[in-house]
K.L.:
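My questions all concern the structure below.
Here is the naming used below: chain letters follow the sequence lines, and residue numbers restart at 1 for every chain.
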Amino acid sequence: MGTQYNPQQIEEKWQAEWENLGIYKAIDNDSRPKFYSLVMFPYPSGDLHMGHMRVYTISDVISRHKRMLGFNVLNPMGWDAFGLPAENAAIKRKLHPESWTKSNIKYMRDEQLKKLGTSYDWDREVNTCDVEYYHWTQWVLLKFYEKGLVYRKSAPVNWCPDCATVLANEQVENGACWRHPETTVEQKMMAQWFLKITAYTEPLLQDLDLLKGWPERVCLMQKNWIGKSVGAELQFTVESKPNVKITVFTTRPDTVFGVSYVVLAPENPLVQELTTPENKEAVENYVKESKLKSELDRMTTDKDKTGVPTGSFVVNPFNGDIVPIWVADYVLMSYGTGAVMGVPAHDERDFAFAKKFNLPITEVISPTGEASGELKAAYTEDGTMINSGNFNGLSNEEAKQKMTDWAAQNQSGGPRVQYRLRDWLISRQRYWGCPIPLVHCEKCGVVPVKEQDLPVVLPLDVEFTGEGGSPLGKNQAWLDVSCPGCGGPARRETDTMDTFIDSSWYFLRYADAKNTKVAFDKKKVDYWMPVDQYVGGIEHAILHLLYSRFFTKALRDCGLVSCDEPFTNLLSQGMVVKHSTISGRIEKMSKSRGNVVGTTDFFKKYGADAARLFTLFAAPPEQELEWSEEGAVGQFRFLGRIWRMVQDLLDANVLGKGSKTKKYFGKTGISSFEGLNSNSKALLQVTHKTIKAVTDDLSRERFSFNTAIARCMELVNALYGFVATSGGGGSTESKGGVAVATGGQSGAASSDLANCSEKDKEVLAFSIRSLLLLLAPMAPHLCEELYQECGFAAEGSDGNGSQNGGATIASIHVAEWPGFVEELTTADEIELVLQVNGKIISKTMVKRGISEEEAKTTAFEDEKIKKKVEGQTPKKVIFVKDRLVNIVV
RNA sequence: GCCUUUGUGUCGGAACUGGUAUACGAGUCGCACUUAAAAUGCGAUGCCCGUAAGGGAUUGAGGGUUCGAAUCCCUCCAAAGGCACCA
């Protein structure tokens with residue numbers, strides 16, 4: 001029997017065995033309570049590193065724990081396989097995107113995810129670039145088309161020159177492409193396909209309140225992204241053209257008496273119409289200049305305000321004031337009405353603009369109710385209305401309401417809600433994506449492909465030149481099609497879908513992954529959905545999570561699913577960072593930073609269990625984790641410590657098949673101190689305490705894997721102490737109520753254990769069994785191996801059943817999660833802290849559950865306390881049960 | 001500029017609803033085993049004063065609430081992230 005812990009010898013063996021046994025298969029419509037555990041599926045880029053492994057480890061531990069708790073667990077995996085890198089690899093290395101993607105998937109699945117010891121139900125694997133999958137992506141899009149959620153419009157769009165395609169607003173960060181932070185996004189006017197996500201703005205916003213299991217910051221980010229502003233629309237009639245009105249949106253209708261000008265965005269079509277001949281040249285130049293500016297330049301807040309007057313004027317409907325119309329690029333055409341009213345006294349931007357161009361500044365809200373003379377800055381706080389006609393004297397909050405009402409009654413506007421969220425631009429001028437199932441007919445216009453003609457298959461025989469648009473546009477045979485409407489000549493849409501569409505419904509397909517008739521069976525989806533626990537990176541706080549919420553609501557309205565929200569609970573794990581020798585800083589693990597730790601080498605050297613444990617132990621899941629070789633080796637040592645102890649006990653016939661010790665325990669195992677000596681009692685107590693603590697740590701409220709492992713380490717330390725003392729060598733002393741060993745050696749001593757009482761050995765066996773069960777979700781291979789070797793597997797049977805080699809092997813991963821007895825989780829003696837004025841003076845051992853009276857008496861009898869309170873009368877004595885007595889003098 | 005989060009030993013981090021600050025691990029040191037090293041087992045280890053017994057300060061800084069604050073409140077400082085001319 002080898003006593004060396006060698007993960008290589010056990011890990012692959014068990015991975016194969018688990019697959020054989022099929023213990024990770026989810027069962028549709030099972031009677032057990034369901035638990036849908038989901039992890040954001042990866043893009044098959046080719047090679048996962050330890051940084052990637054964190055999210056899979058966390059999600060896997062949750063799944064395994066739930067399985068042991070008796071849930072019917074769905075823990076699936078798949079591939080977000082359409083996307084640019086595949087296409088770029090095709091251009092660069094002359095590989096077809098399909099073969100490149102497929103070989104990456106094979107490697108990542110078989111050599112990386114499986115070797116991590118994950119518990120996926122691979123029968124439900126999905127791959128978004130498989131025609132069996134994207135067939136249904138197209139089908140879903142057609143459903144949305146029927147609902148009027150898909151439309152084409154010509155609009156200024158974000159163009160990334162590096163990707164050679166347009167991007168959605170959500171994919172633009174700081175004016176640059178989300179994939180190419182160095183590449184400034186250009187604005188282009190193009191006819192593009194959009195998904196009407198704005199039809200769901202309010203539900204998307206309101207239902208954030210339902211997401212109690214989401215991190216607050218994610219909800220907040222979505223809320224900010226949706227950007228609801230409640231205000232009013234006000235209309236200003238053009239003085240020279242009474243039939244032309246300028247509509248502005250404002251959140252501050254209360255400041256309308258302070259309007260000293262109105263500004264149009266340079267792109268506003270009214271600019272041309274309202275510019276007087278003498279201002280024409282200046283305005284045209286200004287508009288031309290601002291078009292040349294990049295989005296990024298225009299967005300910088302701290303640059304000087306620019307603008308030119310149009311020469312026209314408008315009438316303020318409230319007070320009849322005549323104010324000039326300006327053009328300025330601080331007003332954006334894409335938000336609100338593309339026109340704003342300028343109130344310098346109460347808006348910082350307007351204040352800067354008015355100062356620069358010497359426009360009047362009229363104060364209409366004052367904190368004191370009196371005009372404060374010359375303002376040095378805009379006053380944006382609340383106050384009392386002044387200089388505002390009939391509204392004077394009101395609070396500005398009241399005035400907001402009353403003035404909006406007034407505008408509505410006088411045909412000059414009314415209440416209006418404005419959102420920042422805009423429709424989702426979904427077309428991409430790229431090849432490696434899901435074809436859009438629409439055709440362009442000369443006669444009929446845009447016509448959807450008939451359902452029975454789906455899928456529109458992406459042709460594989462195309463040429464990749466890397467220049468001049470999508471290869472689809474050059475594939476004449478694919479391009480030509482007869483119109484589904486009139487049968488006449490028509491042309492396929494050459495744009496493909498944004499890959500975020502593929503990932504907006506993949507979690508539904510897992511419920512019924514192999515269905516060839518429909519996208520998914522509604523019954524199955526309704527059984528599994530919503531996802532009970534989703535785990536993924538914070539980078540998708542807006543993008544993927546908002547899109548998926550939208551899809552779920554839209555599909556619900558198509559009658560295809562029943563839930564309102566797809567993901568009940570969300571865990572956003574932190575990044576894995578490591579010191580980079582390139583930058584000299586601690587940075588996110590990535591190839592370009594040269595700080596990656598590969599999986600294969602690590603698994604070979606220390607095993608997947610050690611990798612998993614370190615990832616879980618080094619930091620709480622939401623926090624950043626710094627990879628450290630020493631720390632990881634520490635976990636390898638911990639596993640070795642368990643391994644050696646169990647092997648020694650097996651060799652000594654204290655455990656395992658050769659022993660007479662009881663191997664099968666009920667859910668709570670040994671649940672009484674009866675007949676135990678002090679050593680066994682202490683060990684049993686630590687065991688129950690550990691079961692309680694780990695159970696609590698793994699619960700959703702905490703997901704505190706790091707402390708769960710720490711608790712297991714304490715149990716192992718206690719076990720070593722027990723073996724040493726009970727074995728004969730060394731003596732025992734009590735420290736904090738727990739027996740600990742001093743001296744003695746485990747290896748030699750364990751053979752002495754054979755002479756221990758059966759009762760002691762039973763406690764030891766129970767304790768070890770509990771340890772293995774608690775650690776099983778986190779270190780699945782080692783725990784399974786030792787569990788089987790000890791013969792704990794045949795629980796419930798008479799113990800003679802075939803174990804290794806037989807068909808009836810009961811894996812630890814389907815064993816029942818251990819229970820505990822509350823009374824046995826604490827020692828009967830506790831340390832009572834004695835304080836004077838909140839300072840610790842003394843400590844003393846007392847019985848657990850000591851009464852207030854007794855505790856106080858004990859405190860006043862304590863020598864150190866006596867000395868401290870001597871000659872003073874206690875004002876107050878505070879007692880906290882089983883914790884402390886505090887004497888206030 | 002606005003919003004959010006986080007500041008605890010040499011390092012990663014514990015301390016759940018205010019009640020023994022520094023669990024667990026890493027590192028370092030010592031002892032045992034060994035011809036030796038590694039591995040392993042055992043022990044020590046936040047800081048200052050002290051030979052010791054013991055004492056003192058301490059959870060980014062300062063203040064407050066409380067018998068008692070890492071934890072609650074206020075101000076400030078630092079770091080990370082999000083939003084950013086959104087009217």
K.L.:
Quick check against the 3.5 Å criterion: does A:Asn6 have a side-chain atom that pairs as donor or acceptor with the backbone of A:Gln8?
P.N.:
yes
K.L.:
Using atom CZ of A:Phe236 as one end and atom P of B:rA87 as the other, report the distance to the nearest whole Å.
P.N.:
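So the two atoms are 16 Å apart, to the nearest Å.
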K.L.:
According to the Watson-Crick and G-U wobble definitions, with both distances under 3.5 Å, which nucleotide is paired to B:rA37?
P.N.:
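Partner of B:rA37: none found under 3.5 Å.
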K.L.:
For the P atoms, the ones on B:rG18 and on B:rC31, what distance do you get once it is rounded to whole angstrom?
P.N.:
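Looking at atom P only, B:rG18 and B:rC31 are 47 Å apart.
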K.L.:
How is A:Arg711 classified with respect to the nucleic acid when contacts are heavy atoms under 4.0 Å: base, sugar-phosphate, or nothing?
P.N.:
base
K.L.:
So which one's nearest nucleotide on RNA chain B is more toward 5', A:Ala618 or A:Asn224?
P.N.:
A:Asn224
K.L.:
Using a 4.0 Å heavy-atom cut-off, does A:Asp350 contact any base of the nucleic acid, only the sugar-phosphate backbone, or nothing at all?
P.N.:
nothing
K.L.:
Just to be sure I understand the rule, does A:Arg883 reach a base, reach only the sugar-phosphate, or reach nothing, if contact means heavy atoms closer than 4.0 Å?
P.N.:
sugar-phosphate
K.L.:
Over how many whole Å does the gap from A:Glu233 atom CD to B:rA87 atom C1' extend?
P.N.:
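To the nearest whole Å, that distance equals 13 Å.
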K.L.:
Assess whether one donor atom and one acceptor atom, taken from the side chain of A:Lys875 and the base of B:rC67, lie less than 3.5 Å apart.
P.N.:
no
K.L.:
Identify whether any heavy atom of A:Ser628 sits under 4.0 Å from a base atom; if not, whether one sits that close to sugar-phosphate; answer base, sugar-phosphate or nothing.
P.N.:
nothing
K.L.:
Please work out if A:Lys839 contacts a base, only the sugar-phosphate, or nothing of the nucleic acid, heavy-atom cut-off 4.0 Å.
P.N.:
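Answer is sugar-phosphate: A:Lys839 comes under 4.0 Å of backbone atoms only.
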K.L.:
Under 3.5 Å for both donor-acceptor distances, Watson-Crick or wobble: does B:rC24 have a partner, and if so which one?
P.N.:
B:rG12
K.L.:
Does a side-chain N or O of A:Asn706 approach OP1 or OP2 of B:rG12 to a distance below 4.0 Å, or not?
P.N.:
no
K.L.:
B:rA21 and B:rG68: how far apart are their P atoms, nearest whole angstrom?
P.N.:
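It comes out at 15 Å once rounded to the nearest Å.
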K.L.:
Could you give the distance separating B:rG27 and B:rA79 at their C1' atoms, to the nearest angstrom?
P.N.:
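One C1' to the other, the span is 25 Å.
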K.L.:
For the side-chain contact (heavy atoms from CB on, under 4.5 Å) test, which of A:Glu626, A:Arg54, A:Lys588, A:Met53 pairs with A:Val576?
P.N.:
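Only one of A:Glu626, A:Arg54, A:Lys588, A:Met53 forms a side-chain contact (heavy atoms from CB on, under 4.5 Å) with A:Val576, namely A:Arg54.
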K.L.:
In whole angstrom, give me the gap between the P atoms of B:rU45 and B:rC24.
P.N.:
12 Å
K.L.:
With C1' as the reference atom in both, quote the distance from B:rC16 to B:rC11 in angstrom, rounded to an integer.
P.N.:
25 Å
K.L.:
Give A:Leu220 one of three labels, base, sugar-phosphate or nothing, depending on what nucleic acid heavy atoms sit under 4.0 Å from its own.
P.N.:
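It contacts sugar-phosphate atoms only.
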K.L.:
For B:rU66 versus B:rC29, give the span between their P atoms, rounded off to a whole number of Å.
P.N.:
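Those two atoms are separated by 50 Å.
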K.L.:
Nearest whole angstrom, please: distance from the P of B:rG13 to the CZ of A:Phe703.
P.N.:
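Between P of B:rG13 and CZ of A:Phe703: 20 Å.
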K.L.:
Which nucleotide wins on minimum distance to the side chain of A:Thr707, given the candidates B:rA15, B:rC83, B:rC67?
P.N.:
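When the side chain of A:Thr707 is considered, B:rA15 is the closest of B:rA15, B:rC83, B:rC67.
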K.L.:
Nearest-Å distance, CZ (A:Phe614) to C1' (B:rA26)?
P.N.:
9 Å
K.L.:
A:Arg422 and A:Thr198: side-chain donor and acceptor closer than 3.5 Å?
P.N.:
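No, no side-chain donor-acceptor pair sits under 3.5 Å.
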K.L.:
From B:rG41, B:rG25, B:rC67, pick the nucleotide closest to the side chain of A:Arg641?
P.N.:
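The answer is B:rG41, which lies nearest to the side chain.
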K.L.:
Could you check which nucleotide pairs with B:rU65 in any of the strands shown, counting Watson-Crick or G-U wobble with both distances under 3.5 Å?
P.N.:
none
K.L.:
What integer distance in Å separates A:Phe705:CZ from B:rG13:P?
P.N.:
16 Å
K.L.:
RNA chain B: A:Met221 or A:Thr251, which has the more 5' nearest nucleotide?
P.N.:
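It is A:Met221, whose closest nucleotide lies nearer the 5' terminus.
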K.L.:
Give the nucleotide from the list B:rA14, B:rU40, B:rA87 with an atom nearest to the side chain of A:Leu332.
P.N.:
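Among the listed nucleotides, the one closest to the side chain of A:Leu332 is B:rA87.
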K.L.:
For the side chain of A:Glu831, starting at C-beta, report the closest nucleotide among B:rC85, B:rU20, B:rC24.
P.N.:
B:rU20
K.L.:
What is the ring orientation for A:Tyr379 with A:His346, classed by angle as parallel under 30°, tilted 30 to 60°, or perpendicular over 60°?
P.N.:
perpendicular
K.L.:
Find the partner of B:rA53: check Watson-Crick (N1-N3 plus N6-O4 or O6-N4) and G-U wobble (N1-O2, O6-N3) distances, both under 3.5 Å, and reply none if neither fits.
P.N.:
none
K.L.:
Looking only at the side chain of A:Pro620 (C-beta and beyond, no hydrogens), which of the listed nucleotides B:rA14, B:rU4, B:rG19 gets closest?
P.N.:
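Of all the options, the side chain of A:Pro620 is nearest to B:rA14.
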K.L.:
Tell me whether B:rG9 sits syn or anti, counting syn as a glycosidic angle within 90° of 0.
P.N.:
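Here B:rG9 takes the syn form, which means its glycosidic angle is within 90° of 0.
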K.L.:
Which listed nucleotide (B:rC67, B:rG13, B:rC83) is nearest to the side chain of A:Gln623?
P.N.:
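Ranking B:rC67, B:rG13, B:rC83 by closest atom to the A:Gln623 side chain puts B:rG13 first.
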K.L.:
With a 4.0 Å limit, can you tell me whether A:Arg644 has a side-chain N or O closer than that to the phosphate oxygens OP1/OP2 of B:rG41?
P.N.:
yes
K.L.:
Which is true for A:Glu624 with a 4.0 Å heavy-atom rule: it touches a base, it touches only sugar-phosphate, or it touches nothing?
P.N.:
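It contacts sugar-phosphate atoms only.
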K.L.:
Quick one about A:Arg420 and A:Asn224 (side-chain donor to acceptor, distance below 3.5 Å, no hydrogens or angles considered), yes or no?
P.N.:
no
K.L.:
Within the structure, does a side-chain N or O atom of A:Arg420 lie under 4.0 Å from either OP1 or OP2 of B:rA84?
P.N.:
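Answer yes for this pair, as a side-chain N or O of A:Arg420 is under 4.0 Å from OP1 or OP2.
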K.L.:
Of all the choices, B:rG25, B:rC83, B:rU20, which nucleotide is nearest to the side chain of A:Trp225 once you look at every atom?
P.N.:
B:rC83
K.L.:
Please give the nucleotide sitting opposite B:rU59 as a Watson-Crick or G-U wobble pair, both distances under 3.5 Å, or none.
P.N.:
none
K.L.:
Is there a side-chain contact between A:Tyr5 and A:Ile642 (heavy atoms, below 4.5 Å)?
P.N.:
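The answer is no, as the side chains (C-beta and beyond) never meet within the 4.5 Å cut-off.
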K.L.:
When you measure from the centre of the six-membered ring of A:Phe353, is the NZ or CZ of A:Lys305 closer than 6.0 Å and no more than 45° off the axis?
P.N.:
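Cation-pi check for A:Lys305 and A:Phe353: fails.
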K.L.:
Rounding to a whole Å, what distance do you find between A:Ile878:CD1 and B:rG18:P?
P.N.:
15 Å
K.L.:
Can you tell me the distance, in whole Å, between the CG atom of A:Leu639 and the P atom of B:rG25?
P.N.:
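Those two atoms, CG and P, are 13 Å apart.
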K.L.:
Donor-acceptor pair, distance only, cut-off 3.5 Å: does the side chain of A:Asn886 make one with the backbone of A:Gly838?
P.N.:
yes
K.L.:
Paired with B:rC42 by Watson-Crick or G-U wobble geometry, both distances under 3.5 Å: which nucleotide is it?
P.N.:
B:rG30
K.L.:
Do A:Glu202 and A:Tyr419 meet the criterion of a side-chain donor-acceptor pair at a distance under 3.5 Å?
P.N.:
yes
K.L.:
For the C1' atoms, the ones on B:rA70 and on B:rG46, what distance do you get once it is rounded to whole angstrom?
P.N.:
15 Å
K.L.:
May I ask which nucleotide in the shown strands pairs with B:rG81, Watson-Crick or G-U wobble, both distances under 3.5 Å?
P.N.:
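With both distances under 3.5 Å, B:rG81 matches B:rC3.
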K.L.:
From the set B:rG12, B:rC67, B:rA87, return the single nucleotide nearest to any side-chain atom of A:Glu626.
P.N.:
B:rG12
K.L.:
Can you tell me if the side-chain N/O atoms of A:Lys876 get under 4.0 Å from OP1 or OP2 in B:rC67?
P.N.:
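For A:Lys876, the contact criterion (side-chain N or O under 4.0 Å from OP1 or OP2 of B:rC67) is met.
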K.L.:
Go through B:rC67, B:rC24, B:rA14 for me and flag the one nearest to the A:Glu714 side chain.
P.N.:
B:rC24
K.L.:
With a 4.0 Å cut-off on heavy atoms, is A:Ile840 in touch with a base, just the backbone sugar-phosphate, or nothing at all?
P.N.:
sugar-phosphate
K.L.:
For side-chain contact (heavy atoms from CB on, under 4.5 Å), just list the numbers for A:Ile887 and A:Phe860, CA-CA rounded to whole Å, side-chain angles, deciding distance to a tenth of an Å, and then say yes or no.
P.N.:
CA-CA 9 Å; A:Ile887 301 165; A:Phe860 280 106; 3.8 Å; yes
K.L.:
Consider the side chain of A:Phe617, meaning its heavy atoms from C-beta on, and name the nucleotide among B:rG25, B:rC83, B:rC67 that approaches it most closely.
P.N.:
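Of the options given, the side chain of A:Phe617 lies nearest B:rG25.
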K.L.:
Across the strands shown, which category fits A:Val888 at heavy-atom distances under 4.0 angstrom: base, sugar-phosphate, nothing?
P.N.:
sugar-phosphate
K.L.:
Suppose you measure atom P in B:rG41 against the same atom in B:rA53; what distance do you get, rounded to whole Å?
P.N.:
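It works out to 30 Å between them.
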K.L.:
Return the value, rounded to whole Å, for the distance between atom CD of A:Glu629 and atom P of B:rG27.
P.N.:
11 Å
